[in-house]
Amino acid sequence: MRLGVNIDHIATLRQARRGRRPDPIEAAQVCERAGAHQIVCHVREDRRHIQETDVRRLKRTLRIPLNLEMSIAPEMVRLALAVRPNSATLVPERRQELTTEGGLDVSRLAGRLRRIVPAFAQAGIAVSLFIDPDPRQVRVAHELGVPSIELHTGRYAQANSTRAQARELRVLAQAATLGHQLGLVIAAGHGVDYDNAAPLARIAQIEELNIGFSIVSRAVFVGIDQAVREMLALVRRHGA
Ligand code: PXP
């Protein structure tokens, strides 16, 4: 099981004062030393946290892969093709949302994705599609020829009863199994924390968890090095 650490909220804190600290690149380097397998960041249309210069600095300095989360807006596509992160996770984006609220409707957007996916592949950027754990979306993602998908775990993370959580976990396991059978690499993320990560780590077909908010929140008390190490230990204890 690989752990991707999303550092957006280090930049959220920096942007609160529009200064230089805390520096998300410095944080990413600590995550790297703590054993994270990749760094994830999201340049949003409103630039509320990560800035374009952050992405360029991350690409220059990181030794582990950089996964750029991005919408499919033309300016983001141009940025990705210029910076060439190791991978790009295509997500839906709405200006008013606090965070990404659902998966990308790859079925509806198939026409645009058919143009973007090959352009990225040609630039050496592996594309992942952030989708709801819905068999139809998984099949369309496969048809689009991407190497991997990331399953949106938000409904699982927000389930307000044990029963609802077990149901959402089954939905995720089924989507992961289908994707795996189709030959896709399966990642998952959104709302994953120290209390709900273990059952996800036990789904054998999920190879990667991408986690941001809970790790940065924990870092406020124990530091980001320790917060990453704790999450790594947890997913290793429960995962393959
Ligand atoms: N994966 C994707 C595709 C996301 O959009 C996000 C949120 O930016 C995450 C993972 C991380 O979610 P969280 O911050 O809730 O851990």
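Keep in mind it's a predicted model, so treat the numbers as computed, not measured. In each ligand, atom 1 is the first atom listed, and ligand 1 is the first ligand listed.
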| message | Tell me whether R21 is salt-bridged to D23, with the criterion being a basic N under 4.0 Å from an acidic carboxylate O. | response | no

| message | Can you name the atoms of ligand 1, numbered from 1 with element, that are less than 4.0 Å from a heavy atom of F213? | response | 13 (P), 14 (O), 16 (O)

| said: Applying salt bridge (charged side-chain N to carboxylate O under 4.0 Å, His left out), can you list everything that pairs with D54, at least two apart in sequence or on another chain? | reply: R14

| Would you call E69-R44 a salt bridge at under 4.0 Å N-O? | no

| query | Can you name the nearest heavy-atom pair linking L200 to I206, along with the distance? | reply | O-CD1, 4.1 Å

| field | Pairs flagged by ring-ring contact (aromatic ring centres under 6.0 Å, His included) wherever residues 45-68 is involved - sequence neighbours left out | value | H9-H49

| said: I'd like to check which ligand 1 atoms, numbered from 1 as shown, lie under 4.0 Å from a non-hydrogen atom of I211. | reply: 16 (O)

| task | Heavy-atom distances under 4.0 Å are what count here, so tell me which part of F130 touches ligand 1: side chain, backbone, both or neither. | result | side chain

| task | Any atoms of ligand 1 less than 4.0 Å from a non-hydrogen atom of E150? List them with their elements. | result | 1 (N), 2 (C), 3 (C), 10 (C)

| message | Just to be sure I read this right, does ligand 1 sit under 4.0 Å from the backbone of E69, its side chain, both, or neither, counting only heavy atoms? | response | side chain

| field | Per-atom contacts, ligand 1 versus G191 - under 4.0 Å to a heavy atom | value | 12 (O), 13 (P), 15 (O), 16 (O)

| Is the shortest distance from a Lys or Arg side-chain nitrogen in E75 or R47 to a carboxylate oxygen in the other one below 4.0 Å? | yes

| request: Using a strict cut-off of 4.0 Å, indicate which atoms of ligand 1 neighbour a heavy atom of N6. | output: 8 (O)

